[in-house]
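Every number for a ligand or one of its atoms is a count from 1 in the order of the listing. Predicted, not measured: the structure shown is a model, and the values here were computed from it. Throughout, residue positions are numbered sequentially from 1 according to the sequence presented.
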Amino acid sequence: MAYRQSHPGVEPKAACALEWTQHRGSRRLQKLAGIVLAAGKGTRMKSALPKALHRLCGLPMAEHVGRAMIEAGVERPIMVVGYGAERVKAELGDKYEYVVQEEQNGTGHACLMALPALGNRDGPILVAPGDAPLITGEALASLTGAALEHSAQCALATCEMSDPTGYGRVVRDDSGRPVRIVEEADADDSQKQIGEVCTSFYCFEPSVLRELLPQLGTENAKGEQYLTDLIALIAERGGKSVTLKFEDARLLEGVNDRWQLASAAKALRLRVLKRLALDGVTVEDPDSTYVDAGVEIGEDTVIRPMTVVEGDTKIGSGCEIGPQTRVTECEIGDGCTVFMSHLNRARIGRGCRVGPFANLRPGTSLGERVKVGNYVEIKNAEVGEDASLAHLTYVGDATVGPRTNIGAGTIVCNYDGLKKHVTEIGADVFIGSNSTLVAPLKIGDGAMTAGGSVITEDVPNDALAIGRGRQVNKEGWAKIWRRRKPGKKS
Ligand code: UD1
Ligand code: CA
């Protein structure tokens, strides 16, 4: 990770709550606190969904920021929520403390709302925008480190942007100290030329927030309380702000519209794939592979092109997944092959082979070494080890015993139009091709059904069930019929 020293003496170094306590020597132990600003509607997203909840790599935008804070040593970050507050709280869950900003009167106002939740903590306070999901715990820890090292009232993360449009610009005095931030809307032409921008990541001394936040005015283009104005207030009372300039501007990038969302999602996706690759997973084509942040994949598994792995999926080692496969919230054992298929909330035992064109729906559970072939749909069904469902089959609300073979074209009729019913197929059963199994139904161990049967009654162990019309052969009939064809001589 690349950081550059930007203020005389600023030596960025990773810091965490522990280092902070060491730094304060004999003083009472104080933990790092953190505030995430996530109350905005995100007008530029043009969406009914609050900005904080737009997802990247499977996680809401604000969740990425919250996780980075926790990684940096914040025990329970304070989330400032506002637009769609109830929905945001419900989705982000209880690892955060919530503060509601009823009206969104600016970033400074949002922070002010969090003051009561800070109580009397006297450790450093990280503040982060909820719309910068590429931030890492390591980067936040560095920012804390810079604030502590220099006993600064504020350490501000900055970076040089080739196109700084839309960002607040960092204004320095003659000695190079940051003395204020000018927002794009309030900047004059010369200030707009400044390439170093405020990224909205700060580490404050708590007294600064308590004493200066209530002093923020609204005399600016937007008529809002800007958090950025704290830098000027600190300078006015002779305090010290330092900047930590990040060479990798992407880490701090804000997301204001959907194109920036797509760009940030792509960067995060590559980060996830890189981590997997370095942990021993072969990612054949990072450009067409989508893996969510929470996914775990074992060593020597190969992820082939055009594959999407979502949610809390766990994939074992030595598997081959894809090409053209979507796996959502699944558990897949070691040594499985899954290709050109959809798997959703399914559990797959080790050594299974699934695909092409299989559709495993929620509640599917496959034992070890099960074979599921083309055009097979399974839902809410438990399939025993070494069973085979090789072609053109639907199995729903059923159990299939070990070593059972389900012939091509078998349909389990689990639904009578009013209710769903259960089908129990035993071990070592042979279901003939094109069987129709009408639930509720029990087929005993070792039983067989004749191809083309409609099975409506239970089949005892080891029996053969035939449920079809008997075949009649009419000798010579075809020849006579052909003779009757018009224009055909006898
Ligand atoms: C802000 C900074 C700007 C900086 C940029 C970096 C201010 C005034 N400007 O601008 O200097 O370059 O971030 O990305 O701080 N929010 C609230 N309540 C509010 C307003 C905003 O919680 O009343 C939250 C938003 O949900 C968002 C974050 O604060 O997550 C930043 O707000 P946004 O409106 O995106 O600020 P920018 O215009 O990007
Ligand atoms: Ca923003």
* Can a protein heavy atom be found under 4.0 Å away from atom 36 (O) of ligand 1? ->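 Flag for atom 36 (O) of ligand 1 set to false, no protein heavy atom closer than 4.0 Å.
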
Does [X] come within less than 4.0 Å of [Y], counting only side-chain N to carboxylate O?
X: Asp131; Y: Lys51; result: yes
X: Lys314; Y: Glu331; result: no
X: Lys245; Y: Glu160; result: yes
X: Glu183; Y: Arg169; result: no
X: Arg67; Y: Glu63; result: yes

Quick test: of every protein heavy atom, which one is nearest to [atom], and how far off is it to 0.1 Å?
atom: atom 11 (O) of ligand 1; value: Glu183 OE2, 2.6 Å
atom: atom 33 (P) of ligand 1; value: Asp131 OD2, 4.4 Å
atom: atom 12 (O) of ligand 1; value: Cys198 O, 2.6 Å
atom: atom 28 (C) of ligand 1; value: Leu37 O, 3.9 Å
atom: atom 31 (C) of ligand 1; value: Thr107 CG2, 3.8 Å

* To do: Classify the ring geometry between Phe204 and Tyr202 as parallel (under 30°), tilted (30 to 60°) or perpendicular (over 60°).
  =>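 Taking Tyr202 first and then Phe204, their aromatic rings lie parallel (interplane angle under 30°).
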
Does [X] [atom1] have over 12 foreign heavy atoms under 6.0 Å away?
X: Glu284; atom1: CD; result: yes
X: Arg210; atom1: CZ; result: yes
X: Glu382; atom1: CD; result: no
X: Arg55; atom1: CZ; result: yes

For [X], counting its heavy atoms only, list the atoms of ligand 1 lying under 4.0 Å from any of them.
X: Lys51; result: 35 (O)
X: Gly130; result: 30 (O)
X: Tyr167; result: 6 (C), 12 (O), 14 (O)
X: Gly168; result: 3 (C), 4 (C), 11 (O), 12 (O)
X: Gly40; result: 17 (C), 22 (O), 25 (C), 26 (O)
X: Tyr226; result: 8 (C)
X: Gln101; result: 17 (C), 18 (N), 19 (C), 22 (O), 23 (O)
X: Asn105; result: 23 (O)

* Asked: the Ca ion (ligand 2) to Ser200: any N/O/S contact under 3.0 Å?
  -> no

* Cation-pi check, Arg269 to Tyr290: give yes when NZ or CZ is under 6.0 Å from the six-membered ring centre and within 45° of the ring axis, no otherwise. => yes

Using heavy atoms and a threshold below 4.0 Å, how should the contact between [X] and ligand 1 be classified: side chain, backbone, both, or neither?
X: Asn256; value: side chain
X: Val80; value: neither
X: Ala38; value: backbone

* Asked: Yes or no on side-chain contact (heavy atoms from CB on, under 4.5 Å) for Ile234 and Val208, after CA distance, side-chain angles and deciding distance?
  -> CA-CA 8 Å; Ile234 291 170; Val208 167; 3.8 Å; yes

* **Shortest heavy-atom approach to atom 23 (O) of ligand 1 - which of Pro50, Gly166, Gly106, Ala110** =>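 When every heavy atom of Pro50, Gly166, Gly106, Ala110 is considered, Gly106 comes closest to atom 23 (O) of ligand 1.
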
* Tell me which one of Arg44, Glu224, Gln104, Met113 gets a heavy atom nearest to atom 34 (O) of ligand 1. => Arg44

* Please tell me if the side chains of Thr393 and Val395 come closer than 4.5 Å, counting only heavy atoms from C-beta onward. =>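 In short, these two side chains touch, coming nearer than 4.5 Å.
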
So, regarding [X] and ligand 1 (criterion: nitrogen or oxygen to nitrogen or oxygen, under 3.5 Å), is there a contact or not?
X: Ser200; answer: yes
X: Gly254; answer: no
X: Ala39; answer: yes

* Return the name of the atom in Asp131, of element N, O or S, nearest to the Ca ion (ligand 2). =>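 Output for this pair reads OD2.
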
* Asked: Non-hydrogen atoms of Thr199 versus ligand 1: any pair closer than 4.0 Å?
  -> yes

* Asked: Under the 3.5 angstrom rule, does the side chain of Asp334 hit a backbone N or O of Ser317 as a donor-acceptor pair?
  ->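 Indeed, once roles are kept as given, a pair shorter than 3.5 Å links the two residues.
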
* Could you tell me whether a side-chain N or O of Thr313 sits under 3.5 Å from a main-chain N or O of Glu329, the two making a donor and an acceptor? =>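 Yes: the side chain of Thr313 pairs with the backbone of Glu329.
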
